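Remarks on the structure that follows.
What you see is a predicted model, and the numbers here were worked out from it, not measured in a lab. Only this structure's heavy atoms are used, side chains among them; waters, hydrogens and symmetry mates stay out.
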Amino acid sequence: MPRNRALRSLALLALPLTLAACATEQERCISQQTREYRVINNLLTEVQANLDRGYAWKEREVIRPAYRVCTDVVRDRDGNRRVIDRGCWVDRVETERYRVPIDPEVETRKRDNLAARKAALEPQARAGMNACRAAYPEEG
């Protein structure tokens with residue numbers, strides 16, 4: 001499935017700003033207080049999925065030629081401008097996913113370390129959430 005990397009990057013950069021504009025003070029506070037916990041949790045989920053599958057996914061950008069219709073403006077013998085359509089080749093950048101072998105022992109150690117880190121961060125994240133709820137009570 002082709003993806004436009006520049007557009008995706010722009011959307012990803014704009015997403016936090018858009019979400020921040022819609023979030024309440026309490027939601028922003030909770031998000032900030034639980035950021036590291038959520039990152040560790042996402043990494044743990046990814047590592048566990050790799051272990052379940054037996055391989056990891058990587059992405060790379062590939063340039064592929066694509067044939068399309070290009071529009072040009074040309075002048076005829078009398079000097080008048082004409083618009084013509086012609087076939088042309090263009091480079092298309094696509095993101096391709098591919099499998100990468102994993103070392104199950106390394107992934108298991110990684111999973112165990114992430115699980116320990118998650119367990120250590122959980123009380124801190126819970127305390128941060130409670131502090132945010134106390135500082136910014138929901139109205140309504």
Of the non-hydrogen atoms in P123 and A120, which two are nearest, and what is the gap between them?
CD-O, 3.5 Å
Heavy-atom side-chain contact between L121 and Q124 under 4.5 Å:
yes
OG1 of T108 to CG of N50: how many Å apart, nearest 0.5 Å?
11.0 Å
Sub-3.5 Å donor-acceptor pair from the side chain of R28 to the main-chain atoms of A23, do we have one?
yes
Nearest 0.5 Å please: distance from the CZ atom of R81 over to the CG atom of D76.
11.5 Å
If hydrophobic clusters are built from ILVMFWY residues whose side chains come within less than 4.5 Å, do W57 and I102 share one?
no
Does any N or O in the side chain of R38 come within less than 3.5 Å of the main-chain N or O of S31, such that one atom is a donor and the other an acceptor?
yes
According to a 4.5 Å side-chain heavy-atom criterion applied to Ile, Leu, Val, Met, Phe, Trp and Tyr, with indirect links allowed, do V47 and Y37 form part of one hydrophobic cluster?
yes
Is a donor from one side chain sitting under 3.5 angstrom from an acceptor on the other, for D52 and Q48?
yes
Quick check: closest heavy atoms across V73 and V83, and the distance to 0.1 Å?
CG2-CG2, 4.2 Å
Let me confirm one number: the CZ-CG distance from R109 to D103, rounded to the nearest 0.5 Å.
7.0 Å
Under a single-linkage definition using a 4.5 Å side-chain heavy-atom cutoff for Ile, Leu, Val, Met, Phe, Trp and Tyr, are L51 and Y55 assigned to the same hydrophobic cluster?
no
Close side-chain approach of R92 and P65, heavy atoms under 4.5 Å:
no
Rounded to the nearest 0.5 Å, how far apart are CD of E27 and CD of E138?
7.0 Å
Evaluate R60 against T95 for side-chain contact (heavy atoms from CB on, under 4.5 Å), listing each step before the verdict.
CA-CA 6 Å; R60 63 180 165 218; T95 303; over 6 Å; no
With rounding to the nearest 0.5 Å, note down the distance linking NZ in K118 to OG1 in T45.
6.5 Å
Looking at Q33 and M129, would you say the former's side chain and the latter's main chain have a donor-acceptor pair under 3.5 Å?
no
Between atom OG1 of T71 and atom CZ of R86, what is the distance when rounded to the nearest 0.5 Å?
9.0 Å
Just do the side-chain contact (heavy atoms from CB on, under 4.5 Å) check on K110 and N113 with the steps written out, would you?
CA-CA 5 Å; K110 192 186 306 184; N113 289 336; 5.9 Å; no
Check for a donor-acceptor pair, side chain of D78 on one end and backbone N or O of N80 on the other, with a separation under 3.5 Å.
no
